[in-house]
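Notes follow once the structure below has been shown.
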Amino acid sequence: MSRFVQRPDEACAGLSEKTDSPLFDWVGFWKNRPLFLWAGPMKQTLLFLSNLTKEFDGKKVLDSLNLEILDGEFITLLGPSGCGKTTLLRMMAGFEHPDEGTIALGSRDLTHTPPEHRPLNTVFQHYALFPHMSVFDNVAYGLKMEKRPKEEIRQRVEEALAMVQLEDFSRRKPHQLSGGQQQRVAIARAVVKRPKVLLLDEPLSALDYKLRRTMQVELKRLQRELGITFVFVTHDQEEALSMSDRVVVLKDGLIQQLGTPREVYERPANLFTARFVGETNFFPGRVEQAHEEDTIIVDVFGLKRTFRKPDFPVTVGQSLHVLLRPEDIRVLAPGDDEGVAGKVVERNYKGSTLDSVIHLEDGTEVLASEFFDEDDPTFDYRLGEPVKVSWVDGWEWLLPTEPETPSEEAGTDA
Amino acid sequence: MSRWLPRTYLTLIYLLLYVPIVVLVVFSFNDSRTGYEWGGLSLRWYDALFNNRAMVQAMWNSLWLALSAATVSTLIGALTALALHRYRFRGKNVLNGMLFVVMMSPEIVLAISLLALFLLVGFQLGYVSLLLAHVTFCLPFVVITVMARLSGFDERLPEAARDLGANDFTMTRTVLIPVIMPALLAGWLLGFTLSLDDVVVSTFVSGPSYEILPLRIYSMVRVGLKPEVNALGTLLLVFSLVMLMLSQWILLRSKR
């Protein structure tokens with residue numbers, strides 16, 4: 001059975017076709033279709049990272065970090081440079097050793113296992129292809145180290161190269177390939193060993209925008225086909241949101257938030273996540289009334305709006321942040337009854353959306369992103385045009401105010 | 001006029017560089033005893049050269065010495081370069097600086113100090129003393145050549161090899177050495193040439209048991225210029241041209 005060519009949806013197709021046959025081998029079906037299990041809702045923890053701490057020259061890069069990575073998931077470590085995401089990945093690969101804490105794969109402790117004995121493989125940021133070897137030899141390297149028979153190596157390398165659509169390039173040297181092709185070789189070289197986990201260290205950062213988008217789709221397809229766990233490191237929040245099953249937002253060696261892309265984007269756990277992931281409008285709010293069962297009334301720019309009660313405790317008179325994504329903003333005519341008055345100071349045509357910056361009367365800047373309407377394809381703003389800003393109640397997200405200093409901000413919300 | 005001047009200038013420079021060599025090559029085929037008159041084409045000096053047993057012996061001695069000195073200094077130099085490149089240790093800068101001191105110090109100083117050392121420890125002057133001396137002055141050149149290559153070496157390559165299941169030894173064998181191979185070859189060739197034509201240091205540290213070519217030629221020339229020397233010079237010239245082309249060919253191939 002080849003793992004490379006099987007797709008989860010094919011496994012599902014097999015199920016619907018064959019269930020009515022009384023001779024159907026159920027045991028064999030489940031045994032031979034690990035992908036089907038992986039695709040299912042029952043996900044087990046594969047990699048346990050517990051209490052990981054690491055200091056470089058007295059600076060804490062990881063601070064008692066705990067993370068459980070599930071079998072078969074696409075998990076992304078997202079954060080600004082220096083947040084510890086690469087260190088964490090290198091620790092999983094075995095290139096760095098934690099000062100404290102353990103790394104375990106299932107029940108097997110890996111903390112002190114050298115990289116060559118870990119069933120994890122890495123796709124490096126700048127590919128790290130062996131320059132003196134052909135594409136074939138690069139991909140075959142890991143299998144040669146396992147001392148596999150020649151015929152098996154040839155077959156598996158060809159399979160892996162076919163998977164990344166490079167079967168015709170096996171005789172080339174890395175420098176004869178384009179960046180995207182080198183990237184594919186690096187991926188083939190890592191997955192040919194059928195690792196339990198594939199670690200990807202900003203693998204797309206050296207590619208141009210268009211190629212990047214293609215490779216994102218490609219990587220997702222590979223992950224579905226292979227069914228192995230992908231741990232992906234990036235500082236690009238868009239990439240993280242579009243590719244991951246779960247996103248880990250990191251800052252100063254602490255996990256800021258762990259959740260699905262939707263959770264991270266729509267319900268950020270703190271101000272850092274809200275600022276780092278996507279663009280956000282922060283409106284200052286003050287609680288007017290909090291005695292209702294599940295709603296509160298908040299004063300925003302003098303408007304009394306009724307919001308869902310947030311997770312954190314609220315008292316009357318407390319100030320809080322009202323977060324609204326640019327696409328949640330409604331720009332209304334200046335004569336409209338609701339909304340806050342302001343004027344357009346910038347407009348950017350983005351093809352599918354019209355992004356504008358609106359200055360409210362108190363000086364607050366509001367980012368708005370509106371889709372073009374089929375009824376009004378020429379819709380546009382003049383600079384200086386007076387408008388009113390509003391939003392649909394229920395689309396906002398509330399966060400408590402945090403102490404101003406950035407270092408404390410990280411500490412309070414981890 | 002303005003184009004004429006630089007051309008003349010260039011021609012003069014090239015003449016200055018190559019006329020002596022051309023004269024040497026031409027006169028090595030000269031069938032005359034004296035070096036200033038043409039007596040017709042002949043290979044008699046080559047014949048005389050190969051019948052001069054002491055000369056042939058000196059040639060073999062020199063080749064063997066150059067081969068062994070280049071090999072030993074490449075081995076030690078490559079390891080030194082690796083250590084300097086990969087590890088941080090006490091005295092790293094001192095070691096690095098000392099290599100430069102050996103390279104920059106006048107050859108005569110090196111020669112005298114080596115001789116003093118060998119006499120002090122009661123060393124028999126001969127092949128071994130020559131080898132030690134030659135390795136000493138070849139070493140910094142090898143280290144610098146290999147270090148230059150290592151500085152462009154992607155640090156992720158050893159990690160990638162380890163990640164794919166290679167231990168440190170296998171990684172060195174299959175990735176590190178092949179990648180720095182051009183530098184190792186270049187360093188070896190450099191050492192070979194340096195050793196082959198060294199006169200100053202060799203004069204001091206060689207003994208009667210092991211005569212080498214440069215010293216032999218030097219003593220021959222002192223008693224009068226024999227046309228045999230022209231033949232020998234021509235052979236050496238051809239040999240170094242072949243070596244040069246070989247090294248260029250290796251470098252070109254490794255870039256591919």
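By convention in this document, chain letters (A, B, ...) are assigned in the order of the sequence lines, proteins followed by strands, and residues within each chain are numbered from 1.
Contact annotation: the side chain of B:Glu159 never approaches that of A:Pro115 to less than 4.5 Å [non-hydrogen atoms, C-beta and beyond].
The part of A:Leu129 that comes within reach of chain B is its backbone (N, CA, C, O), which places non-hydrogen atoms under 4.5 angstrom from that chain. Looking at A:Arg189, the atoms closer than 4.5 Å to chain B (heavy atoms on both sides) sit in the backbone and in the side chain alike. Using a 4.5 Å cut-off between heavy atoms, A:Phe130 contacts chain B through both its backbone and its side chain.
By the neighbour-count criterion of 12 heavy atoms within 6.0 Å, atom CZ of B:Phe89 is densely surrounded, having more than that number from other residues, nucleotides or ligands.
In terms of heavy-atom proximity, A:Ala128 sits nearest to B:Ala160 at O-CB, 3.8 Å. The minimum heavy-atom distance between A:Pro114 and B:Arg162, with the atom names listed, is CB-NH2, 3.9 Å. The shortest heavy-atom contact between A:Lys193 and B:Leu164 is NZ-O, 2.8 Å. Between B:Pro178 and A:His132, the shortest heavy-atom distance links the atoms CB-CD2, 3.2 Å. A pairwise comparison of heavy atoms in B:Asp163 and A:Asn121 identifies O-ND2, 2.9 Å as the closest pair.
For the set B:Val175, B:Asp154, B:Asn167, the entry with the most heavy-atom pairs within less than 4.5 Å of chain A is B:Val175.
Shown here are the ring pair (Phe, Tyr, Trp, His ring centres under 6.0 Å) partners of B:Phe100, two or more places apart in sequence or in another chain: there are none. Shown here are the ring pair (Phe, Tyr, Trp, His ring centres under 6.0 Å) partners of B:Tyr46, two or more places apart in sequence or in another chain: B:Phe29.
Scanning residues 92-105 of chain A against chain B with a 4.5 Å non-hydrogen threshold yields A:Ala93, A:Phe95, sorted by number. Below 4.5 Å, heavy atoms of chain B meet heavy atoms from A:Tyr141, A:Gly142, A:Met145, all part of residues 138-152 of chain A.
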